[in-house]
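Here is the structure we will look at, set down as structure tokens.
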There are 2 protein chains.
Amino acid sequence: MEMETITEDQKVMTAKKIKKMFGHINPKDHPEYCPIKDVMALASDKWSILIIIYLGYYPVLRFNQLKKKVYGISNKVLSERLKLLEGDGYLNRKMYPEVPVRVEYQLTDFGHSYLEKLLELTEWVTTYSDMIMANRSRYSKQ
Amino acid sequence: MEMETITEDQKVMTAKKIKKMFGHINPKDHPEYCPIKDVMALASDKWSILIIIYLGYYPVLRFNQLKKKVYGISNKVLSERLKLLEGDGYLNRKMYPEVPVRVEYQLTDFGHSYLEKLLELTEWVTTYSDMIMANRSRYSKQ
DNA sequence: CGGCATCCGAGTAGATACTG
DNA sequence: CAGTATCTACTCGGATGCCG
């Protein structure tokens, strides 16, 4: 775990960023409303993340295509997440009233903008996931 | 939602990044093991995010100090998250056997490294949270 | 007093079957 | 095909109480 090199300068920079961000949300004024918590609860949900990533890779996907990609997700949860993600503006839903009906999902530009930031995180995570998982199982055996 | 400007070039770059990332995880070989899902489920949980951010701002925090900062979290959930986050290597727990006992939490360098990436995302989110929340309530009233 | 363990209710996930 | 309906199982979260 010691391969990361974080300087004191970086820590100071980080603290400044946080302070600026907190200036924007100000938890003292609206303790019950926290954008980070409320927005991220959906946007950084494990299923949402995979949906957004796959829609960033394949320009358009239909419901059952997505279901195959996002391994392990159920109809119900996929349907719910798609609705919520559409509601927050990350993706578009287009229905073609053919028989059988065709429904296509694709990221909005807003969703693409989010994905760019999100990928920074998931790239970091995939780089260190083996280490994290090893650490996790070691820790759980204490 | 149209204030984001995403070029086709950016979308191509994004797809390449994803492909590279997927090359690393390869869902066909291990469909049941997905680092993104498994690691992010903890790391991008709404409570975890706030805990990590506050520990990035205050170098050291005790249990009840954290509890006051992370508005709305219960003892149980805070205690669980701290244990899991320690297990994955994001933070350290130091106990001083005084009376009453004092327990201090602080980010590891690994945690700081994660926080740097995480902040990219939360800064984006706080910038657009008002828009997202407005969109959300409009959408839910249909 | 600070942190942790236990209990219990509510909400969420998953499996399956079914429909426009 | 793209979901919905239903049922069950379970996880999660909140309250409470305990212990060093």
Side-chain angles (χ1 to χ4, degrees), chain A residues 31-32 34 36-38 40-51 54-55 58 60-88 91-106 136 139-140 142, chain B residues 31-34 36-38 40-51 54-55 58 60-88 91-106 139-140 142:
Chain A
E32 72 289 348
C34 172
I36 294 182
K37 205 170 63 189
D38 296 343
M40 298 291 274
L42 172 63
S44 72
D45 170 80
K46 62 177 182 178
W47 295 123
S48 302
I49 289 175
L50 289 171
I51 291 169
Y54 278 113
L55 284 177
Y58 302 96
V60 174
L61 284 175
R62 301 172 63 173
F63 186 90
N64 280 309
Q65 290 177 319
L66 256 173
K67 193 183 149 133
K68 277 191 203 99
K69 310 283 181 202
V70 183
Y71 187 85
I73 197 168
S74 70
N75 282 14
K76 188 188 168 195
V77 174
L78 178 54
S79 163
E80 282 171 355
R81 290 294 186 281
L82 287 172
K83 224 170 283 176
L84 293 171
L85 290 171
E86 186 196 6
D88 278 16
L91 52 86
N92 279 326
R93 179 183 188 275
K94 226 178 282 180
M95 194 177 76
Y96 301 89
E98 308 165 352
V99 179
V101 68
R102 189 170 95 241
V103 180
E104 291 183 346
Y105 294 93
Q106 61 180 331
R136 189 183 290 190
Y139 183 86
S140 70
Q142 290 175 7
Chain B
E32 71 289 348
Y33 169 58
C34 173
I36 294 180
K37 204 170 64 188
D38 296 342
M40 298 291 274
L42 172 64
S44 72
D45 169 80
K46 61 177 182 177
W47 295 124
S48 301
I49 289 176
L50 289 171
I51 291 170
Y54 278 113
L55 284 176
Y58 302 96
V60 174
L61 284 175
R62 302 174 60 174
F63 187 89
N64 280 310
Q65 289 177 318
L66 256 172
K67 192 180 148 131
K68 276 190 204 102
K69 310 281 180 201
V70 183
Y71 188 85
I73 198 168
S74 71
N75 282 16
K76 186 194 172 194
V77 174
L78 178 54
S79 164
E80 280 172 357
R81 290 294 184 282
L82 287 171
K83 221 172 287 176
L84 293 171
L85 290 171
E86 186 196 6
D88 278 16
L91 54 86
N92 280 324
R93 179 181 189 279
K94 226 179 286 180
M95 193 177 78
Y96 300 89
E98 310 166 347
V99 179
V101 67
R102 187 171 96 239
V103 181
E104 290 183 346
Y105 296 93
Q106 62 179 331
Y139 183 87
S140 68
Q142 289 175 8

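Lettering of chains follows the sequences in order, A, B, ..., and the numbering in each one begins at 1. Note that the coordinates shown come from a computational prediction; the quantities given were computed from them, not determined experimentally.
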Q: May I ask you to say what B:Y96 touches in the nucleic acid, namely base, sugar-phosphate or nothing, with a heavy-atom cut-off under 4.0 Å?
A: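 Nothing, no heavy atom under 4.0 Å.
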Q.
Regarding A:K67, tell me which of base, sugar-phosphate or nothing describes its non-hydrogen contacts under 4.0 Å with the strands shown.
A.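 No contact at all - A:K67 keeps every heavy atom at 4.0 Å or more from the nucleic acid.
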[atom1]-[atom2] distance between [X] and [Y], expressed to the nearest 0.5 angstrom:
X	Y	atom1	atom2	result
A:L91	A:Q106	CG	CD	9.5 Å
A:L61	A:I51	CG	CD1	10.5 Å
A:K37	B:I49	NZ	CD1	12.0 Å
A:D45	A:E80	CG	CD	10.5 Å
A:K67	A:S74	NZ	OG	6.5 Å

Keeping the roles fixed (side chain from [X], backbone from [Y]), state whether a donor-acceptor pair exists under 3.5 Å.
X	Y	result
B:S44	B:M40	yes
A:S48	A:A43	no
A:Q65	A:R62	yes

Should [X] be listed as having a side-chain N or O under 4.0 Å from OP1 or OP2 of [N]?
X	N	result
B:W47	D:dC12	no
A:R62	D:dA2	yes
B:K46	D:dG13	no

From [atom1] of [X] over to [atom2] of [N], roughly how many Å is that when rounded to an integer?
X	N	atom1	atom2	value
A:K37	D:dG13	NZ	P	11 Å
A:M95	D:dT4	CE	P	11 Å
A:E104	D:dG3	CD	P	11 Å

Q: Considering only heavy atoms of chain B and a distance under 4.0 Å, specify the first and last nucleotide of DNA chain C in 5' to 3' order that meet this criterion.
A: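 Here the contact window of chain B covers C:dC1 to C:dC7.
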(Q) Before you tell me yes or no, could you show the steps for B:V103 and B:R93 under side chain to side chain contact (heavy atoms under 4.5 Å, CB included), namely the whole-Å CA-CA distance, both residues' side-chain angles and the distance that decides it to 0.1 Å? (A) CA-CA 7 Å; B:V103 181; B:R93 179 181 189 279; 3.8 Å; yes
(Q) Ring of B:Y105, cation from B:K94 - is the NZ or CZ under 6.0 Å from the centre and inside 45° of the axis? (A)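 Because its charged atom misses either the 6.0 Å distance or the 45° angle limit, B:K94 does not stack over B:Y105.
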Q) So which of B:L78, B:L85, B:L42, B:I73 actually passes side-chain contact (heavy atoms from CB on, under 4.5 Å) with B:W47? A)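 Option passing the side-chain contact (heavy atoms from CB on, under 4.5 Å) with B:W47: B:I73.
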**Q.** Axis deviation across the helix from C:dC1-D:dG20 to C:dG20-D:dC1, five-pair ends, to the nearest 10°
**A.**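 Its terminal axes enclose an angle near 40°.
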Q. Is there a residue in residues 73-81 of chain A whose heavy atoms reach under 4.0 Å of DNA chain D, and which residues are they?
A.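 Output list: A:N75, A:S79.
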